[in-house]
Amino acid sequence: MKKILNIICALFLFGCNQADVKLSGNYKMINAPENAEITLSFEENNFSGLAAVNRYFGTFEQNKNIVKFNVAGLTMMMGPENMMQAEQDYIKFLSSVNSFVFENGLLILKTVNDNELKFEKI
């Protein structure tokens, strides 16, 4: 029953305690540098996605709204310099994320310095 309630909370993002929401589903960054295509997908305690040029994957640990990403791998294709830099910056940022919130239908990943990345559900 709790799993069903978490899914409902994740879908509607209103009226639910965010501390009870488990990260799941597929997202696309809306504030990506250089208009890069950056995606993030959650399944169980694993994540994966496209980081501008290359695919990436790893595991994450979640305790309420506290989250830590452990990037395990990244493919090694080359792309335009600006996209490679956007990708490098994103992977570095992801490793420094320490919390998340759902706000106005967006998933917002935050660092200790209050830097944030915004994702919309896809």
Side-chain angles (χ1 to χ4, degrees):
M1 183 64 170
K2 185 175 181 180
K3 189 172 185 177
I4 293 171
L5 289 175
N6 284 344
I7 291 169
I8 292 170
C9 288
L11 290 174
F12 294 106
L13 305 176
F14 298 108
C16 296
N17 182 349
Q18 290 193 31
D20 292 334
V21 176
K22 175 80 170 129
L23 289 170
S24 64
N26 304 306
Y27 298 85
K28 181 177 180 178
M29 188 188 303
I30 62 169
N31 61 336
E34 302 288 332
N35 294 318
E37 183 177 351
I38 297 177
T39 64
L40 176 59
S41 297
F42 299 97
E43 186 176 327
E44 305 272 327
N45 289 342
N46 300 302
F47 68 88
S48 62
L50 176 65
V53 176
N54 290 288
R55 304 228 23 101
Y56 67 101
F57 61 94
T59 60
F60 71 97
E61 301 169 34
Q62 179 187 350
N63 183 7
K64 300 185 181 186
N65 74 322
I66 305 300
V67 66
K68 174 150 179 52
F69 292 92
N70 302 302
V71 178
L74 184 72
T75 58
M76 301 295 287
M77 298 186 330
M78 293 296 295
E81 187 175 330
N82 63 334
M83 291 295 114
M84 296 300 293
Q85 186 63 53
E87 177 175 283
Q88 193 173 66
D89 292 345
Y90 170 69
I91 295 298
K92 183 178 177 182
F93 182 93
L94 196 61
S95 297
S96 67
V97 167
N98 69 345
S99 66
F100 73 94
V101 296
F102 285 104
E103 189 175 285
N104 298 321
L106 300 176
L107 166 62
I108 303 173
L109 301 179
K110 297 183 174 190
T111 67
V112 65
N113 298 329
D114 287 328
N115 295 322
E116 55 186 45
L117 297 179
K118 297 179 181 181
F119 293 81
E120 65 183 353
K121 188 117 176 158
I122 52 174

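The shown structure was predicted, so the numbers you read here are calculated from the model rather than taken from an experiment. By convention here, the first residue in the shown sequence is residue 1. Both backbone and side-chain heavy atoms feed into the values below; hydrogens, waters and symmetry mates do not.
For N31 (side chain) and K118 (main-chain N/O), a donor-acceptor pair under 3.5 Å exists by modelled atom type. With T39 contributing its side chain and L50 its backbone, the two residues share a donor-acceptor pair below 3.5 Å. No donor-acceptor pair closer than 3.5 Å links the side chain of E103 to the backbone N or O of G105.
With sequence neighbours left out, the ring-ring contact (aromatic ring centres under 6.0 Å, His included) criterion links F69 to F47.
Atoms NZ and NZ, from K28 and K121 in turn, are 16.0 Å apart once rounded to the nearest 0.5 Å. Separating the CZ atom in R55 from the CZ atom in F57 is a distance of 10.5 Å, to the nearest 0.5 Å. Atom CD1 of residue I66 and atom NZ of residue K68 lie 12.5 Å apart, to the nearest 0.5 angstrom. The line from CZ of F42 to CG of L23 is 4.5 Å long, rounded to the nearest 0.5 Å.
Remark: the E87 side chain and the N54 side chain contain an N/O donor-acceptor pair separated by less than 3.5 Å. Between the side chains of S41 and N26, a donor-acceptor pair is found at a separation under 3.5 Å.
V71 and M84 fall into different hydrophobic clusters, defined by Ile, Leu, Val, Met, Phe, Trp and Tyr side-chain heavy atoms under 4.5 Å apart, directly or through other members. Under the 4.5 Å side-chain heavy-atom criterion for grouping Ile, Leu, Val, Met, Phe, Trp and Tyr, L117 is not connected to M83 through any hydrophobic cluster. Linking Ile, Leu, Val, Met, Phe, Trp and Tyr whenever their side-chain heavy atoms come within less than 4.5 Å puts V53 and M78 in one cluster. Note on F102 and M29: same hydrophobic cluster, where clusters join Ile, Leu, Val, Met, Phe, Trp and Tyr whose side-chain heavy atoms are under 4.5 Å apart, directly or indirectly.
At least one side-chain heavy atom of Y56 sits under 4.5 Å from a side-chain heavy atom of I91. Within the 4.5 Å cutoff, the side chain of F60 has no heavy atoms near those of the N70 side chain.
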In residues 107-116, what donor-acceptor pairs under 3.5 Å come from side-chain atoms, sequence neighbours left out?
residue: T111; atom: OG1; partner: N113; partner atom: N; Å: 3.3
residue: T111; atom: OG1; partner: N115; partner atom: N; Å: 3.3

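When all heavy atoms of E44 and K22 are compared, the closest pair comes out as O-NZ, 3.6 Å. A52 and I38 make their closest contact through N-CG1, 3.8 Å (heavy atoms, listed as atom of the first residue, atom of the second, distance).
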